[in-house]
2 protein chains.
Amino acid sequence: MTAAEEQPGSAAHVLELVANGSAASRADLVRELGLAASTVSARVQELVDAGLLAEDGEGASRGGRRPRRLRVPASGAVALAADLGSHHIRTGAVGLTGAAFDVEERAHDLTAGPEPAVEAIVGRLADLAERQRAAGRPVRGVGIGFPGPVDPATGRIVAPARMPGWHLYELRATLADRLGLPVVVDNDANALALGEHRAAHASLRHLVVVKAGRGIGSGVVSHGRIYRGARGSAGDISHVRVDAADGRPCSCGNVGCLETVASGAAIAAALRADGIAADSAADILRLVEHCEPRATTLVRQAGRHIGAVLSVVVNFFNPEAVVLGGALSGAEPLVAAVRGVLYERCLPMATSELTITAASGGPDAGLTGAGLAALQSAAPAP
Amino acid sequence: MTAAEEQPGSAAHVLELVANGSAASRADLVRELGLAASTVSARVQELVDAGLLAEDGEGASRGGRRPRRLRVPASGAVALAADLGSHHIRTGAVGLTGAAFDVEERAHDLTAGPEPAVEAIVGRLADLAERQRAAGRPVRGVGIGFPGPVDPATGRIVAPARMPGWHLYELRATLADRLGLPVVVDNDANALALGEHRAAHASLRHLVVVKAGRGIGSGVVSHGRIYRGARGSAGDISHVRVDAADGRPCSCGNVGCLETVASGAAIAAALRADGIAADSAADILRLVEHCEPRATTLVRQAGRHIGAVLSVVVNFFNPEAVVLGGALSGAEPLVAAVRGVLYERCLPMATSELTITAASGGPDAGLTGAGLAALQSAAPAP
DNA sequence: CCACTTCCTTCGGGCATCGAAGGAAGTGAC
DNA sequence: GTCACTTCCTTCGATGCCCGAAGGAAGTGG
């Protein structure tokens, strides 16, 4: 029932099923994987021998012998992860279960260019690596979520809006070099999508995860994996033209983009124009929670615009769920507006079994996703 | 370089590579598949023994021994195919190469309900089967392209607009029963997408094929295969709301859908309202070719509306190509308008290597796709 | 306590693929 | 012409993955 990874019954796949709770015993794995019991047993044995999996007492009987429960050992491997925002760097260690340890967020202005950002990231992650190793957890790799387009094959940043100096920056190579670990760099929305998929929707095959914060991004899960499209830019909904934004110049160089009316940055700017102090998405959220009417109106409007664009996506892509993440997804009016527009505009066939929900993975979902991506790409062999 | 089918080196895959011209010898197959030469040889031998593949003289040397050329034998298996339109039934036999034989189109009003349509289809296909068998070509199955939503798992028609009596009709089961052959039923746009992909864009992985005729549909190829989404309704762009259609009631029960301003039916209705006789998409095409200004304007406008919707799709899905098919794609102004809007509105990253083109598979592309789908689903073993 | 279920392992065997080795046929330099 | 080299394809073990049968261990429920 869970996302396929690589081969249907590979070691990595087994590990994932145990880590995310889909399977807690060999018998569960047999049911999930559809492989012969002997095959599963052999694979589990390998993983136990390699220290990547541990037996952990017995589970409840289902009418026969009790299963021997499996779990990922506490001393299991971790990946270091960093979730980069335009104004912060969030770091942490992510285990195979998707749990994040030792999470820390610091303010940092990414627009100041790549060098200071790399210094900050390397500093934080090197400390983190040391602490993890001291705690007996081997560090397998590094995952980075970057708030802009990333070429997934090379780990290079491509033409990010509003971040001069980053274009074609070799972020993966640089970090790999500095940290001496394999590094995976992906778009932040893709990281969030991966994290949400694993944390809350592991059984779904087709999923759209929207990250609504200062900017707007989306990550697409198709057939249980991140879908990137031809050039790696799939999931962009930020620069779709909407009529309500007619003529407004966008950071992408075009005019009338969704981002210019529905992003956190746009809402904050509109509030400031009305003399209401607001800078970040968190500020907006606070205003909405305090029932500031102007903020609520703007957020609801943003939700309607996002919903209008998503209605095309839902009809076209026919996902099983639309998950709203990012700071603004904490605002109920936004979620309600998106829901309303989608149910009103989309085909009944596309919405009849569609889940529309705010992200449930918490503030670490993006971090988790970046870490899981790194763990996944690192070979599970010891 | 070609679409993956099932296992990377299955018999069906080998057959497909030879059929579509990607490989003409065992050595080519080795290069395409990345398998060991011995493995490929064994698989080819099986297919030759089964009569599904034949040796055909020798090819050109590449500096060593000449390869023994492989081809699909003329007496190879075919599938019967039917491409259903709201007002016609087109039938033919499709070989593994994607060539269609014995094609015939008859007028038939599908809105009259399923029973007369089934009679017409069975009549035509039974004749066709007899002729093919007489010519020594075994008939492996039947593929149907239906102009409405199809549940791909069951081959049932689901809630087609404007076609009372078809809802939940068991088209696959009925035809399989009547013809005594395995039947595949799919949406006509999906069939067209499959046909176009094989005929002209076999090396592309992500592709959107729009069918613009009396209605508007689209078929999506992702990772080289038809993408269906959660409920099989993926690819719908017809019922996206566009502002220019504000308030117009649509056959789907909603208002303001793309279909109400950009479909062949809508254009024809607008022309009739202006006193210009037009009924079918073919009529519109004729008017455009005769430079009737009103028709040209309407078609260009339709292209802009379709382009606006596709711009969302292109940003989100990031395909390698957008292919415009269906009768209206023969109108240059429509293609030009779609191109213009896409290049204007989409992200440079999404369009920089995007191909936007009219379908090249000819009028039989949909038929071919339906037939290929049937051949593909029928096991290649004899 | 006895039949039945579930869980898991051991063992032999099937099947697909691989790589090495080599034969057949061709090219091109000398 | 001939000799080295290339390409094409086949034959023949060897290997590795997976399966199913058989069976032991442990529990449940009548």
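Per chain, numbering begins at 1; letters A, B, ... match sequence-line order.
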Student: How would nucleotides 2-7 of chain C be written as a contact map, 5' to 3', with B for base contact, S for sugar-phosphate-only contact and - for no contact, using protein heavy atoms under 4.0 Å?
Tutor: ---BBB
Student: Of the listed nucleotides (C/dT17, D/dG27, D/dC12), which one gets closest to any side-chain atom of B/Ser38?
Tutor: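 Minimum distance to the B/Ser38 side chain belongs to D/dC12.
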Student: Donor-acceptor check, side chain of B/Glu320 to backbone of B/Arg205, threshold 3.5 angstrom: yes or no?
Tutor: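 Yes; at least one donor-acceptor contact below 3.5 Å.
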Student: Figure out the NE2/P separation between B/His13 and C/dA16, and round it to whole Å.
Tutor: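 In whole Å, C/dA16 P and B/His13 NE2 are 18 Å from each other.
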Student: In whole angstrom, what separates B/Gln45's CD from D/dC9's C1'?
Tutor: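 It works out to 11 Å between those atoms.
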Student: Calculate the interatomic distance between A/Leu53 atom CG and C/dC8 atom P; express it in whole Å.
Tutor: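 Value for this atom pair: 12 Å.
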Student: Take atom CG of A/Leu33 and atom P of D/dC18, then tell me their distance rounded to the nearest Å.
Tutor: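 After rounding, the gap between these two atoms is 10 Å.
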Student: Would you say D/dC19 has OP1 or OP2 under 4.0 Å from some side-chain N or O of A/Thr39?
Tutor: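 True: A/Thr39 side-chain N/O within range (under 4.0 Å) of D/dC19 OP1/OP2.
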Student: Please state how far atom CG in B/Leu35 lies from atom P in C/dG19, giving the value in whole angstrom units.
Tutor: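 After rounding, the reported distance stands at 10 Å.
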Student: What distance separates A/Leu15 CG from A/Leu47 CG, expressed to the nearest 0.5 Å?
Tutor: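 Nearest 0.5 Å value for the CG-CG distance: 5.5 Å.
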Student: Under the 3.5 angstrom rule, does the side chain of A/His197 hit a backbone N or O of A/Leu204 as a donor-acceptor pair?
Tutor: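 Answer holds: yes.
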Student: Strictly distance-based, threshold 3.5 Å: is any side-chain N or O of A/Arg26 a donor or acceptor partner for the main-chain N or O of A/Leu70?
Tutor: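 No, A/Arg26 side chain to A/Leu70 backbone: no donor-acceptor pair under 3.5 Å.
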Student: Tell me: CD of A/Glu46 to P of D/dC17, nearest whole Å?
Tutor: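 One finds 8 Å between P of D/dC17 and CD of A/Glu46, rounded.
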Student: Check this for me, if you would: do A/Asp28 and A/Arg62 make a salt bridge, where the nitrogen-to-carboxylate-oxygen distance has to be below 4.0 angstrom?
Tutor: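 Looking at A/Asp28 and A/Arg62, the cut-off is not met.
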Student: Mind checking whether B/Tyr227 and A/Phe317 have parallel, tilted or perpendicular rings, split at 30° and 60°?
Tutor: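 The arrangement is parallel - the two ring planes meet at less than 30°.
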